[in-house]
Amino acid sequence: MAQAPLLELQGIEKSFGPQKVLKGISLQVYPGEFLTFLGPSGCGKTTTLRIIGGFDWPDDGRVFLKGRDVTSEAPYARDVHTVFQHYALFPHYDVFDNTAFGLRIQRRPEAEVRQRVLEALDLVKLSGFESRRIDQLSGGQQQRVALARAIVGRPSLLLLDEPLGALDLKLRRQMQLELKGIQRRLGIAFIYVTHDQEEALTLSDRIAVFNAGEIEQLGGPREIYEKPQSSFVADFIGSANILDGEVLASGHDGTRLMLEGEVEVLFPQNGGSASVPGKKLSVAIRPERIHIHGARPSSPQEGTVCFPAKLLENVYLGASRQFLCSPFPKSGKVLTAVTTDSGAWAGADTASDFREVWVEFRPSDLRILQACVAPSRTTDVA
Amino acid sequence: MPPLQLSPGAPLASSPAARSPALARSRLDLFLSRLIAGERPSASHALMAPASLWLLCGLVLPLLLILALSLTRRGPYGMVVWEFSLGNYAKILDAVYAPVLGRSLVYAATTTFLCLVLGYGVAYTLSFYAGRRREMLIVMIMLPFWTSCLVAIYSWIILLGREGLINNLLIGLGLIETPIQFLNRPFAVILGLVYFYLPFMVLPLYACLEKIPRALIEAAKDLGATPRSTFTKVTLPLSMPGIAAGCLLTFIPCAGDFLTAEFLGGPRTYLIGNLIQNQFMVAQDWAFGSAVAVVLIAVLLIGFYGYLRLEGSGFEAGRV
């Protein structure tokens, strides 16, 4: 993206009392992009959003909007609108007047207000609801009014603070797709805050993964999912098995790793500077990349490793089946695997059916995490 | 008055359905039945019984007695002669007495308005800016309640008298030469009324402003509203229920107040409260005093009914 950034944050820091909630957030948002702030609660994503909206001021760092420094500007002076977590609709106005609020503040002619409000309500599929009172609307409809109210003024940037958090799962899925459609149609850049990784993967052009007041990783959904750079990202986006590894040897055919001090695998990439023999690393593998067999596979597939494990749990999840097994008797580390509920496992419901199982995966599915183990990191900030 | 279901006996156990269908007809009825009986199980009726009995003996029966007294005549030596007469009500229309009622309503309205202007600022500051000092400030607002009102009135006399602190100070500073007449004038009476009734305005206003979700204020600013238009378009409309409650709580007791005018006022600030007190304590005309009291109650009830009508027509916009 060679364009000039729409929004730029430079080294934003913020403390509430003794607690430092933002430790230097820097990022750029480009016109028309859908950027998601993803992270657990308390990671600083909402605070960052409030600083962009002008509701909080950073202790340090600057906010630039279209190249202009707006760090100390009031919210009403910024070309940024917000969809609030609990909608924040005005209870004394009906749907039309709520939507028209921003335009009327700008003293637009009433004919233009009317036309644009009706367009916005049409876009969020609320035509015909103009004169409804807010308390006569369902949660999903209120959500749509909040969205219409925020987009009717055509801001260049829209901030959405967990906008779908209060909706049930089915409605959520539907609204996700609609949101994405509306964003594409209007070409407005969205910054979307959520703690739901699936939502983030569905909607985003880019995802900023927040942890303890810092951005752990910023990238496209595929990049974040497939090349997590830290154990936090690997674990937070989807789920991941994170194993301790040690480099045994490094050569042109790849890196020899010892996992949990018990299983030796050949990782088919040269780990570069990270692969000095004796170096300790964290290694991640996705549950869906691990296969569980009831008996030793007679013909193991090319390029996989296979070793025995003790089955701890075998859970039926409808479309899939989740296994917890312990292939590392010394460390006791538990591996999670997910497969579709079919084949040999169909109908098998309890762990006792398969006490001894075989674990199989491709070493090429392993991910070596950049940050070399810092499991205590997630506990820094509540 | 509508049937209030106040007797502690049989009606308390009756189911809501057994109540007269005429009961819930008018708005006033609805309001009172919501207040007093409601659609609640009989356990809460039992809980209400002591208070109901108290209200019956302490309010309803005396009110009925006043109503009855107002329809009698004064005897030659001040006793009540139990003869039906509308003469007391005719007397109220006299040129002597009618202006007293008018003056009371004007004073009450002026006081209510001043309390609203002063109180809104206080409640707004408390709610939006007071932060951690909030509790302490609320206690300070309630302080006038904790002193005897006679002590407070005498303090005002000491402050405002011809030889009072304020006059002495102004003369001492050379700003005036002869003392200003503060006391026994409308100024002192309204000052006293505002002083006593300001908390009645501030507290409901504060409670109402506290309830306004701060996200609504942020949403208005987010959509481009300056602090001023945020106030006029969001905060003020949403605080309407508090304004209404505060005005009612100030206006009603103000209209019947007599102590303030008794001590701080003079002949030209004679209020309906003073008139009633005089009939009972001085003139020994209980019949006429009762009639004046009934008229005051009737006027206030009509006003209250008007308020409920307004509320019903959506005036109370800020139902959050």
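Computed over heavy atoms, backbone and side chain alike; hydrogens, waters and symmetry mates excluded. Note on naming: letters A, B, ... go to the chains in the order of the sequence lines (proteins, then strands), and numbering restarts at 1 for each one.
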### Task
Report yes if the side chains of T230(B) and Y76(A) come closer than 4.5 Å at any heavy-atom pair, otherwise no.
no
### Query
To the nearest 0.5 Å, what is the distance between CG (L216(B)) and NE2 (H86(A))?
12.0 Å
### Query
Using non-hydrogen atoms only, which part of F90(A) is less than 4.5 Å away from chain B: side chain, backbone, both, or neither?
both
## Note on the structure
For F101(A) and A225(B), the nearest pair of non-hydrogen atoms, with its separation, is CE2-CB, 4.0 Å
### Query
In terms of heavy-atom proximity below 4.5 Å to chain B, should R50(A) be classed as side chain, backbone, both, or neither?
side chain
### Task
Quick one: closest heavy-atom pair of A219(B) and A88(A), and the distance?
CB-O, 3.8 Å
### Query
Do other residues, nucleotides or ligands put more than 12 heavy atoms under 6.0 Å from F128(B) CZ?
yes
## Note on the structure
Closest non-hydrogen contact found for D222(B) with T82(A) is OD2-N, 2.6 Å
### Query
Would you say K233(B) and I105(A) make side-chain contact, with heavy atoms under 4.5 Å?
yes
### Message
Can you confirm whether R114(A) is buried at CZ, in the sense that more than 12 heavy atoms of other residues, nucleotides or ligands lie under 6.0 Å from that atom?
### Response
no
### Message
Quick check on V80(A) against chain B: is it the side chain, the backbone, both or neither that has a heavy atom closer than 4.5 Å?
### Response
backbone
### Query
Under 6.0 Å from the CZ atom of R154(A), do we count more than 12 heavy atoms belonging to anything else shown?
no
### Query
Contact part of L159(A) toward chain B, heavy-atom cut-off under 4.5 Å: side chain, backbone, both or neither?
neither
### Message
Tell me whether H81(A) contacts the main-chain N or O of G224(B) through its side chain, where contact means a donor paired with an acceptor under 3.5 Å.
### Response
no
## Note on the structure
If one checks every heavy atom of S229(B) against chain A at 4.5 Å, the contacting part turns out to be side chain
### Query
Side chain, backbone, both or neither: which part of Y93(A) has a heavy atom under 4.5 Å from chain B?
side chain
